[in-house]
Structure formats: C-alpha cells, structure tokens
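One structure below.
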2 protein chains.
Amino acid sequence: MRLSAYGEYACLAMVDLSQNYGKGPLKIKDIAEREQIPQKFLEQILLTLKRAGYLQSKRGFHGGYELSRAPKQITVAEIVRFTDGAVAPVASVSSHFYAHSPSEKNAALTGLFKEVRDMVSTKLEGTTFADLII
Amino acid sequence: MRLSAYGEYACLAMVDLSQNYGKGPLKIKDIAEREQIPQKFLEQILLTLKRAGYLQSKRGFHGGYELSRAPKQITVAEIVRFTDGAVAPVASVSSHFYAHSPSEKNAALTGLFKEVRDMVSTKLEGTTFADLII
DNA sequence: ATATTGTCGATTAACTTAGTAGAGAAGTCG
DNA sequence: CGACTTCTCTACTAAGTTAATCGACAATAT
C-alpha cells in the first residue's frame with residue numbers, strides 16, 4: 001500500500017468531518033483551509049466520496065458536506081481501498097483487487113506478501129475514523 | 001509499500017539466486033526463463049543490484065551472476081527499499097525516505113501510518129532470502 | 001577468431017498523478 | 001425576484017513513472 005496525495009487528502013478530510021460529525025455540514029473551503037488541501041482538488045475528492053456513499057451534501061448558503069454514517073462505522077481500510085486501491089504489496093495477493101503479478105511464480109514470496117497484506121489490512125480494518133478523533 | 005514489476009522481478013531473481021547460492025554463477029537468460037522475466041528487463045535489474053553490491057558477475061562463456069553475500073545476510077527489506085523505495089504507506093512516516101506529506105497535518109493519522117510502517121518493516125527486516133528457499 | 005555473456009545508454013509508449021479551469025445547478029436571503 | 005453562495009461536473013494538462021525495448025560495446029572462454 002502506498003497512499004497518493006489524493007488518498008492522504010481524503011483521509012485528512014474524513015478525519016476533519018469526523019471531528020465535526022453531528023454539527024451540521026462543513027464547507028469545502030473551510031476544510032481546505034484547515035487541512036491545507038488545494039480547494040479545487042478537494043472538491044473532486046469530496047464529490048467522489050459522496051458518490052461512494054460516505055458523504056452527504058447540501059448546496060447554497062448553509063451548504064457543505066457531512067458524513068452519512070457515524071465515524072465509528074467507517075474504517076480507514078474502506079477509504080484507503082476506495083482512493084488508492086489494494087492494501088496488498090503486490091496485486092497477486094490482493095483480496096479486493098486481485099490481478100496476476102510476477103510474485104505468483106514463487107510460493108515463499110507469495111506467502112510473505114500475504115502475511116504483510118494481512119497485517120496491514122487487519123490494522124486498517126480495525127481502525128475507524130472515531131479512533132482518529134483526538 | 002507497493003511493489004512495481006521491477007521490484008517483484010528483483011525479489012524473484014534474488015530468490016532464484018539464493019536457491020543456487022554456492023553453485024557458481026547463473027546466466028541472465030536462465031533466470032529469465034525460469035522466472036518468466038523479460039530478459040532485457042532483467043539485465044537492467046541485475047546490473048543495478050550488482051552496482052548496489054548485492055551481486056557479483058562474470059562475463060563470457062561461463063559467466064553469470066551470483067550473490068555477493070549469503071542469502072541469510074540479505075533481508076527482503078533491503079531489496080524492496082532499493083528497488084521501490086519506502087516501505088511506509090506515506091512519505092512523512094518513512095524512516096529511510098522521509099519527505100513532507102499531507103498526513104503530517106494530523107497526529108492521529110500519522111500515528112496510525114507509523115504503526116503500519118513498523119509492522120511492515122519489522123516483518124521485511126526479519127525475513128532474509130534464506131527464509132524464502134523452499 | 002569466434003561465440004558467448006554481461007554492460008551500458010538511449011529511447012519510447014502508455015499510464016498515473018496532482019492538480020487547474022470554467023461553466024452550470026441548487027439553495028438562501030433580503 | 002435577484003444576488004450571492006456553495007456544491008457539481010466535465011474537460012484538460014504538465015510532469016513524472018513504469019515497463020519495457022534496441023542496439024552497440026566490452027570481457028571471457030575455447
């Protein structure tokens with residue numbers, strides 16, 4: 001797993017939205033300023049998170065974005081997989097995004113990479129955005 | 001950590017060379033065939049691994065490549081870091097390839113990513129190519 | 001000599017990344 | 001209504017990375 005800037009920004013935004021869960025919608029502009037995210041880039045990110053069902057939005061004067069589920073109900077693994085795909089180190093050991101890859105040629109190597117995948121996915125599936133609220 | 005084809009091929013080749021450690025040099029062509037790696041691509045990979053000190057080579061009729069250290073003395077972490085860089089999920093928590101990244105804005109997120117980095121690097125630093133010989 | 005094998009630099013096509021630009025649609029308020 | 005605000009959506013792009021391939025050169029063995 002290697003997070004892109006897109007993925008890192010998405011996680012930051014989700015943490016920000018989690019910290020303000022239940023307090024009404026947050027404006028893109030405010031999240032962008034607080035988290036130092038290029039606003040136009042953040043617009044795209046929030047929109048795709050909305051389309052994926054993680055966020056709700058409202059337009060107009062009192063508009064903004066808010067989580068559609070409680071922070072406790074959203075794992076970091078979900079968001080990472082949504083923004084950056086596989087958590088696994090190589091495609092051939094990915095459970096959610098399997099594809100052929102060279103490592104398949106060797107069972108020992110495949111075993112090692114599966115162990116890595118399991119450690120990472122267990123950690124990220126066991127962490128929700130509620131756990132990231134200070 | 002996400003391995004490129006380059007990195008996966010490098011690991012496969014290192015396992016192949018480990019399995020034949022002490023039996024004289026192996027030809028690029030033979031490794032390429034056994035591991036199904038494009039030969040010209042493998043040439044590049046082995047050459048950079050040689051320049052990094054992991055391999056020795058000989059040209060000519062009985063030429064080829066062999067490990068310069070015993071498989072037990074080479075960790076998977078070294079090779080992965082050499083071919084694909086950071087083992088960490090984001091640059092800002094990488095110990096070997098630190099760079100600024102968006103996650104730094106949030107301590108909880110940074111903490112989580114450090115835990116992931118530690119799990120992965122501990123695993124890969126604790127695994128040598130001797131462990132991957134069947 | 002000749003065949004064999006590694007060495008090396010350049011090139012490339014396709015893809016991904018990290019944004020930016022700008023117009024449009026929906027909601028609020030006076 | 002009309003102005004303003006905020007989200008929505010598509011398109012575009014510049015730069016970098018990836019996964020190779022090509023062809024010439026250098027060393028070695030027989």
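In this text the structure is predicted, and so the values were computed from the model without any measurement. Numbered from 1 within each chain, the chains take letters A, B, ... in sequence-line order.
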Is the backbone of [Y] close enough, under 3.5 Å, to the side chain of [X] for a donor and an acceptor to pair up by distance?
| X | Y | result |
| --- | --- | --- |
| Arg69(A) | Gln73(A) | yes |
| Glu78(B) | Thr75(B) | yes |
| Asn20(B) | Leu17(B) | no |
| Thr122(A) | Met119(A) | no |
| Thr110(A) | Ser103(A) | yes |
| Asp84(A) | Ser4(A) | yes |

By nearest heavy atom, map Gly63(A) and Ala5(A) onto DNA chain C; which one lands nearer the 5' end?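 Residue closer to the 5' terminus by nearest nucleotide: Ala5(A).
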
Pick the nucleotide of DNA chain C nearest each of Lys27(B) and Arg51(B); which residue has the one closer to the 5' end? Lys27(B)

On DNA chain D, does the nearest nucleotide to Tyr65(A) precede the nearest nucleotide to Tyr6(B) from the 5' side, or the other way round? Give the residue.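 The residue whose closest nucleotide sits nearer the 5' end is Tyr65(A).
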
Begin from the C-alpha positions of Lys40(A) and Gln44(A) and carry the test side chain to side chain contact (heavy atoms under 4.5 Å, CB included) through to its verdict. CA-CA 7 Å; Lys40(A) 276 302 213 174; Gln44(A) 277 185 38; over 6 Å; no

Could you go through nucleotides 20-27 of chain C and list every protein N or O atom that sits under 3.5 Å from one of its N or O atoms, giving the distance for each pair?
{"residue": "dT20(C)", "atom": "O4", "partner": "Gln44(A)", "partner atom": "NE2", "Å": "2.4"}
{"residue": "dG22(C)", "atom": "N7", "partner": "Lys40(A)", "partner atom": "NZ", "Å": "3.4"}
{"residue": "dG22(C)", "atom": "O6", "partner": "Lys40(A)", "partner atom": "NZ", "Å": "2.4"}
{"residue": "dA25(C)", "atom": "N3", "partner": "Arg59(A)", "partner atom": "NH1", "Å": "2.9"}
{"residue": "dA26(C)", "atom": "O4'", "partner": "Arg59(A)", "partner atom": "NE", "Å": "3.4"}
{"residue": "dA26(C)", "atom": "O4'", "partner": "Arg59(A)", "partner atom": "NH1", "Å": "3.3"}

Heavy atoms only, 4.0 Å cut-off, all strands: where does [X] land among base, sugar-phosphate and nothing?
| X | result |
| --- | --- |
| Leu3(B) | nothing |
| Leu46(A) | nothing |
| Leu26(B) | sugar-phosphate |
| Arg2(B) | nothing |

Do Tyr98(A) and His96(A) make the cut of ring centroids closer than 6.0 angstrom? no

Centroid-to-centroid, Tyr6(A) to Phe41(A), below 6.0 Å? yes

Taking NZ in Lys58(B) as the centre, count heavy atoms belonging to other residues, nucleotides or ligands within less than 6.0 Å. Is the count above 12?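 Result for NZ/Lys58(B): open.
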
Along DNA chain D, 5' to 3', what are the outermost nucleotides having an atom less than 4.0 Å from a heavy atom of chain A?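 Counting from the 5' end, contacts occupy dT5(D) to dA11(D).
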
dA18(C), OP1 or OP2 - any side-chain N/O from Tyr9(A) closer than 4.0 Å?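 Result: no.
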
What pairs of nitrogen or oxygen atoms, one from the protein and one from nucleotides 11-14 of chain C, lie under 3.5 Å apart?
none

In whole angstroms, how far is the P atom of dC8(C) from the CD1 atom of Ile45(B)?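 Atom-to-atom, Ile45(B) to dC8(C), this comes out as 16 Å.
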
Test item: side-chain donor near acceptor, Thr128(B) and Lys72(B), under 3.5 Å: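 No, no side-chain donor-acceptor pair sits under 3.5 Å.
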
